[in-house]
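Below, all heavy atoms of this structure are taken into account, side chains as well, without hydrogens, waters or symmetry copies.
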Amino acid sequence: MPRPARSPRNSAAAPSTPWRWALAGLCLGVLPALLLWAPARWLAGTVTQASGAQVQLVNARGTVWQGSALLLLTGGAGSHDRAALPTRLQWRLRPTWTGLQAWLQSDCCTPAPLRLYAQPGWGSVRLELADGHSQWPAALLAGLGTPWNTLQPQGQLQLATTGLRLQWTQGRTSVQGRAQLDALAMSTSLSTLRPMGSYRLQLEGGSAAQLTLSTLGGALLLSGSGHWVGQRLRFTGEASAAPGREAALANLLNIIGRRNGARSLITVG
């Protein structure tokens, strides 16, 4: 007895089944490989977009998870101000069950890799920086545009952190731990004094994070204090010249704050 002929619908479905399995297998194999070997330029693009083009990873090499690039600071989109680290920035990223770990290192600036941990949450982001030390060229700040492009700072910035944790939750910033930034042998294009002095900026976390500025030594005397209100820093300070240095620092004092006699008053926020 002749077999009944298969319907056209069944005939079309049968040969397509192996192709569906092949496509599924291809996706399962390609997607993990794509994530594992995602090029470093993808990370560079994300950093540029998230920072409004103020932080850029130029000539990125390697992958998202392990690579290197030239760290460039700019004044943002359309700005001609830019400054780069003298050595490449290297990174390693590792996902965890609750966030992402990162190791950052550059030969010029980090005796040991800086270790960070980021944990996103519902409407919040938490960032932890492991205790450590690093040093950075102050000239890098000129890339950020105003007012640094006018000051053109020179010197060394030494950063030390202890138990530093920052959290952003629904427009509010909270800080725990401590950070100390020493600006050593600083000078600027606005004064002939070389150097003008050395300074210390201290951050003390807590229910209301405090910021304190003091002078370690030099002809330009700086002092001030401030604290965070929501996401904004409110800071008040003053600058003045050591006796006998008034003429050499007059131009700088006119620019960095509002003149009040021999002093220049500094207000942020």
Give a yes or no on whether the backbone of [Y] and the side-chain of [X] come within a donor-acceptor separation of less than 3.5 Å.
| X | Y | value |
| --- | --- | --- |
| S191 | S187 | no |
| T110 | Q105 | no |
| S134 | C109 | no |
| W91 | V64 | yes |
| Q210 | A208 | yes |

Original post:
Under the side chain to side chain contact (heavy atoms under 4.5 Å, CB included) criterion, do L190 and I256 qualify, and how do the steps go?
Top reply: CA-CA 10 Å; L190 300 178; I256 64 176; 5.8 Å; no

Holding to salt bridge (charged side-chain N to carboxylate O under 4.0 Å, His left out), I want the full list of residues that pass it with [X], two or more places apart in sequence or in another chain.
| X | value |
| --- | --- |
| R245 | none |
| R61 | none |
| R258 | none |
| R115 | none |

**OP:** Could I get the full list of side-chain contact (heavy atoms from CB on, under 4.5 Å) partners for N254, not counting sequence neighbours?
**Re:** R259

Original post:
Who are the side-chain contact (heavy atoms from CB on, under 4.5 Å) partners of S106, not counting sequence neighbours?
Top reply: L85, T87, L89, C108

So which atom in [X] and which in [Y] form the shortest heavy-atom distance, rounded to 0.1 Å?
| X | Y | value |
| --- | --- | --- |
| A40 | A60 | CB-CB, 3.8 Å |
| P195 | A185 | CB-C, 3.6 Å |
| L220 | Y199 | O-OH, 2.8 Å |
| A53 | A77 | CB-N, 3.8 Å |
| A219 | L249 | O-CD1, 3.6 Å |
| A160 | H133 | CB-CD2, 3.5 Å |

Would you tabulate the side-chain donor-acceptor contacts of residues 96-104 under 3.5 Å, counting partners in other chains and residues two or more places apart, or write 'none'?
from	atom 1	to	atom 2	distance (Å)
T96	OG1	T98	N	3.3
T96	OG1	G99	N	2.9
T96	OG1	G99	O	3.2
T98	OG1	Y117	OH	2.3

**OP:** Applying side-chain hydrogen bond (donor to acceptor under 3.5 Å, both in side chains), name anything that partners Q202, two or more places apart in sequence or on another chain.
**Re:** Q180

**OP:** Following the transitive rule for hydrophobic clusters with a side-chain heavy-atom cut-off under 4.5 Å over Ile, Leu, Val, Met, Phe, Trp and Tyr, establish whether L184 and L201 coincide in one cluster.
**Re:** no

**OP:** Following the transitive rule for hydrophobic clusters with a side-chain heavy-atom cut-off under 4.5 Å over Ile, Leu, Val, Met, Phe, Trp and Tyr, establish whether L116 and L164 coincide in one cluster.
**Re:** yes

Subject >> Residue pairs, two or more places apart or on separate chains, that pass salt bridge (charged side-chain N to carboxylate O under 4.0 Å, His left out) and touch residues 129-146 >> reply: none

**OP:** Keeping to residues at least two apart or across chains, list the salt bridge (charged side-chain N to carboxylate O under 4.0 Å, His left out) pairs with something in residues 46-56.
**Re:** none

Using 0.5 Å steps for rounding, measure from the [atom1] atom of [X] to the [atom2] atom of [Y].
| X | Y | atom1 | atom2 | value |
| --- | --- | --- | --- | --- |
| W228 | L233 | CH2 | CG | 5.0 Å |
| T74 | R82 | OG1 | CZ | 6.0 Å |
| L213 | S223 | CG | OG | 7.0 Å |
| L221 | S214 | CG | OG | 11.5 Å |
| Q176 | R126 | CD | CZ | 9.5 Å |
| R200 | T215 | CZ | OG1 | 11.5 Å |

Throw together a table of side-chain donor-acceptor distances under 3.5 angstrom for residues 139-159, partners on residues two or more places apart or in other chains.
from	atom 1	to	atom 2	distance (Å)
N149	OD1	T146	N	3.4
N149	ND2	D81	OD2	3.0
Q152	NE2	N149	O	2.9

Original post:
So which residues get pulled into L70's cluster when ILVMFWY side chains under 4.5 Å apart are joined, directly or through others?
Top reply: V58, L72

So do [Y] and [X] actually touch side chain to side chain, heavy atoms under 4.5 Å?
| X | Y | result |
| --- | --- | --- |
| Q167 | S124 | yes |
| L166 | V125 | no |
| T212 | E204 | no |
| L252 | M196 | yes |
| W136 | L181 | no |
| I266 | T236 | no |
| W65 | P95 | yes |

Subject >> CA sep, side-chain torsions, deciding dist, call: L71, L57, side chain to side chain contact (heavy atoms under 4.5 Å, CB included) >> reply: CA-CA 5 Å; L71 177 64; L57 300 177; 4.1 Å; yes

Original post:
Does atom CZ of R234 have more than 12 heavy-atom neighbours, drawn from other residues, nucleotides or ligands, at distances under 6.0 Å?
Top reply: no

Original post:
More than 12 heavy atoms of other residues, nucleotides or ligands under 6.0 Å from CZ of R41: is that the case?
Top reply: no

Original post:
Between E246 and L253, is a side chain to side chain contact (heavy atoms under 4.5 Å, CB included) present by the stated rule, with each step listed?
Top reply: CA-CA 9 Å; E246 294 86 355; L253 292 174; over 6 Å; no

